[in-house]
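Everything on this sheet refers to the single structure shown next.
Because only heavy atoms are used, hydrogens play no part in the values below, and waters and symmetry mates are left out as well, while side chains stay in.
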Amino acid sequence: MHQCYYCDQLFESKEQLYEHVEVHSDIERNREIMNRKKQAKK
């Protein structure tokens, strides 16, 4: 068993876990980009 350290979801294989974690990293990256855009407008 492998557990996502973002949301504690469990996965059977490392491959499944890695695919899942990419979703979180995309969300984090998008959030950072949006925050930078907001800061630039101020």
Side-chain angles (χ1 to χ4, degrees):
M1 274 299 188
H2 302 281
Q3 193 169 22
C4 173
Y5 44 86
Y6 289 102
C7 67
D8 298 331
Q9 194 169 335
L10 295 171
F11 296 92
E12 292 295 320
S13 69
K14 279 187 179 179
E15 288 78 19
Q16 288 176 316
L17 175 64
Y18 291 147
E19 285 179 27
H20 170 78
V21 168
E22 284 178 17
V23 173
H24 289 296
S25 63
D26 287 345
I27 292 169
E28 288 298 316
R29 198 176 305 121
N30 290 340
R31 203 174 282 154
E32 280 183 34
I33 291 167
M34 291 303 290
N35 285 340
R36 285 191 201 125
K37 285 181 181 175
K38 286 178 186 174
Q39 291 298 325
K41 286 182 181 177
K42 288 182 180 175

* Structure fact -> Those residues at least two apart in sequence (or on a different chain) that pass side chain to side chain contact (heavy atoms under 4.5 Å, CB included) with K41 are none
* Asked: What pairs with R31 under side chain to side chain contact (heavy atoms under 4.5 Å, CB included), at least two apart in sequence or on another chain?
  -> I27, E28, N35
* **Heavy-atom pair of closest approach, residues E12 and H2** => O-CD2, 3.8 Å
* **Over all atoms of both residues, closest heavy-atom pair of V21 and C4** => CG2-SG, 4.3 Å
* Asked: What residues join L10 in its hydrophobic cluster, counting side-chain heavy atom gaps under 4.5 Å, either direct or through other members?
  -> M1
* Under the ring pair (Phe, Tyr, Trp, His ring centres under 6.0 Å) test, residues paired with H20 that sit two or more places apart -> F11, H24
* Is the number of heavy atoms from other residues, nucleotides or ligands under 6.0 Å of Y18 OH greater than 12? -> no
* E32: what forms a salt bridge (Lys or Arg N to Asp or Glu O under 4.0 Å) with it, not counting sequence neighbours? -> R36
* To do: Can you sort out the partners of D8 under salt bridge (Lys or Arg N to Asp or Glu O under 4.0 Å), two or more places apart, ordered by chain and number?
  => none
* Mind checking whether L17 and V23 sit in one hydrophobic cluster, side chains of I, L, V, M, F, W, Y counted as touching below 4.5 Å? -> no
* Give a yes or no on whether the backbone of S13 and the side-chain of Q16 come within a donor-acceptor separation of less than 3.5 Å. => yes
